Amino acid sequence: MGSVVGKLESPDCVPETKLEAKMVEAMRHRASKGSIIRSFDSIILKFPKIDDSLRKCKTIFQQFDEDLNGIIDRRELKECFDGLEISLTEEEIDDLFDACDISTAMGMKFNEFIVLLCLVYLLKDDPNAKFSKSQFGMPKLEETFESLVDAFAFLDKNKDGYVSKSEMISAINETTSGERSSGRIAMRRFEEMDWDKNGMVNFKEFLFAFTHWVGIDENEDGEEEEEE
């Protein structure tokens, strides 16, 4: 049954960009290896540890935010990749920037930067990617990103690179079998992820929802500046 979950809901789901196509293919490849996660609750239990690890990316973010305006622009991003020794083409950097700058602030805020780094982590294992040999050189951060990839692989029951409504319900039910509220919980979580409302969630959408779930949102930098 798991192999057909989600296919009836969006049989013609086609990636909108080349980057999304690469992302979906990379996640299909990763999902085919399976997931060590056995319940959605186990993902929730990882929230504090993942939150702590992601917030440590703030040092990297601030290091490359040269004008200290709370965002990383295209030029700063290219310098960031050079500094992290991540080899990307001009087109690949532009595609990643455009995909992650969802606030259209002409630059990436902290939560957008985290999503971008995690996408690079996923794509670097794509055998067809030009930057497949790049390494972050930060084992704990890579471990955190792998946890996020593994979480998505757990939700992606049919291993097609997307999470559907029925897959989300299935994942929640594996944890909360018999609870009447499980369907509502699953739908609420799914709606938080599916912000383009096309009925299917890709890895990027999942990452943005995850940063919100653990409390890292686009307003964080402004709040911290006010406190100081």
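All of these numbers come straight from a predicted model, not from anything done at the bench.
Ile60 contributes atom CD1, which lies 5.5 Å from atom CG of Leu84 (distance to the nearest 0.5 angstrom). Between the CD1 atom of Ile93 and the CG atom of Leu88 there is a distance of 5.0 Å, given to the nearest 0.5 Å. Interatomic distance, Phe145 CZ to Ser147 OG, rounded to the nearest 0.5 Å: 10.5 Å. Atom-to-atom distance recorded for Thr17:OG1 and Asp98:CG is 9.5 Å, nearest 0.5 angstrom. Here the CD1 atom belonging to Ile37 is positioned 4.5 Å from the CD1 atom belonging to Ile43, to the nearest 0.5 angstrom. We find the SG-CG distance between Cys57 and Leu141 to be 4.5 Å, quoted to the nearest 0.5 Å.
Qualifying salt bridge (charged side-chain N to carboxylate O under 4.0 Å, His left out) partners for Lys140, counting only residues two or more places apart in sequence or in other chains: none. A search for side chain to side chain contact (heavy atoms under 4.5 Å, CB included) contacts involving Glu192 returns Arg188, Arg189, Trp213, not counting sequence neighbours. In this structure Lys78 satisfies the side chain to side chain donor-acceptor pair (under 3.5 Å) test together with Glu90, sequence neighbours excluded. Qualifying side chain to side chain donor-acceptor pair (under 3.5 Å) partners for Asp150, counting only residues two or more places apart in sequence or in other chains: Arg30, Ser35. The side chain to side chain contact (heavy atoms under 4.5 Å, CB included) check on Gln63 picks up nothing, with sequence neighbours excluded. Residues forming a ring-ring contact (aromatic ring centres under 6.0 Å, His included) with Phe203 (at least two apart in sequence, or on another chain): Phe152. Residues passing the side chain to side chain contact (heavy atoms under 4.5 Å, CB included) test with Asp82: none are found, sequence neighbours excluded. With sequence neighbours excluded, the residues forming a side chain to side chain contact (heavy atoms under 4.5 Å, CB included) with Phe97 are Arg74, Leu77, Asp101, Met108, listed by chain and number. For Lys18, the side chain to side chain donor-acceptor pair (under 3.5 Å) test picks out Glu91, with sequence neighbours left out. Contacts of Glu143 classified as side chain to side chain donor-acceptor pair (under 3.5 Å), with partners at least two apart in sequence or in another chain: none.
Nearest heavy atom pair, residue Leu122 against residue Ala26, reads CG-CB, 3.9 Å. The shortest non-hydrogen separation linking Asp156 to Gly161 is OD2-N, 2.8 Å. The shortest non-hydrogen separation linking Lys159 to Ser32 is CD-CA, 3.8 Å. Residues Ser103 and Lys109 share a closest heavy-atom pair of OG-CE, 4.0 Å. The two residues Asn158 and Asp160 make their nearest non-hydrogen contact at OD1-OD1, 2.9 Å. Across every non-hydrogen atom of Phe208 and Cys100, the tightest pair is CZ-O, 3.5 Å.
Checked against Glu25 for a side chain to side chain contact (heavy atoms under 4.5 Å, CB included), the options Lys22, Met27, Arg28 give a single hit: Arg28. A side chain to side chain donor-acceptor pair (under 3.5 Å) with Arg55 is found for exactly one of Asp52, Asp51, Thr59, namely Asp51.
Between Val163 and Met200 there is no side-chain heavy-atom pair separated by less than 4.5 Å. The shortest side-chain heavy-atom distance between Val115 and Glu112 does not fall under the 4.5 Å cut-off. Taking 4.5 Å as the limit, some side-chain heavy atom of Cys80 sits within range of a side-chain heavy atom of Phe113. No side-chain heavy atom of Phe190 sits less than 4.5 Å from a side-chain heavy atom of Ile169. Side-chain contact between Leu148 and Leu207 is present, with at least one heavy-atom pair separated by less than 4.5 Å. Annotation: side chain of Glu76 is in contact with side chain of Asp73 (closest heavy-atom distance under 4.5 Å). For the pair Phe110 and Ile71, the minimum side-chain heavy-atom distance is 4.5 Å or more. For the pair Leu123/Val120, no side-chain contact is recorded, criterion being any heavy-atom separation below 4.5 Å from C-beta on.
Side-chain atoms of Lys204 come within 3.5 Å of backbone N or O of Ala99 as a donor-acceptor pair. Side-chain atoms of Asp65 come within 3.5 Å of backbone N or O of Gly70 as a donor-acceptor pair.
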Where do Phe210 and Met193 land on the side-chain contact (heavy atoms from CB on, under 4.5 Å) test, with the steps shown first? CA-CA 8 Å; Phe210 202 96; Met193 293 190 292; over 6 Å; no
Just do the side-chain contact (heavy atoms from CB on, under 4.5 Å) check on Leu119 and Leu116 with the steps written out, would you? CA-CA 5 Å; Leu119 288 181; Leu116 182 142; 5.7 Å; no
Between Glu142 and Lys124, is the side-chain contact (heavy atoms from CB on, under 4.5 Å) condition met? List the steps. CA-CA 11 Å; Glu142 291 195 25; Lys124 77 182 180 68; 4.1 Å; yes
From CA spacing to verdict: side chain to side chain donor-acceptor pair (under 3.5 Å), Glu146, Tyr121: CA-CA 8 Å; Glu146 179 57 31; Tyr121 173 80; 2.8 Å; yes
Pair Phe206-Leu155, side-chain contact (heavy atoms from CB on, under 4.5 Å): steps then yes or no: CA-CA 10 Å; Phe206 167 76; Leu155 298 174; 3.9 Å; yes
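The cationic group of Lys157 lies under 6.0 Å from the six-membered ring centre of Phe154 and within 45° of the ring axis, placing it in a cation-pi geometry.
Here salt bridge (charged side-chain N to carboxylate O under 4.0 Å, His left out) pairs that include residues 194-203, with residues two or more places apart or in two chains, number zero.
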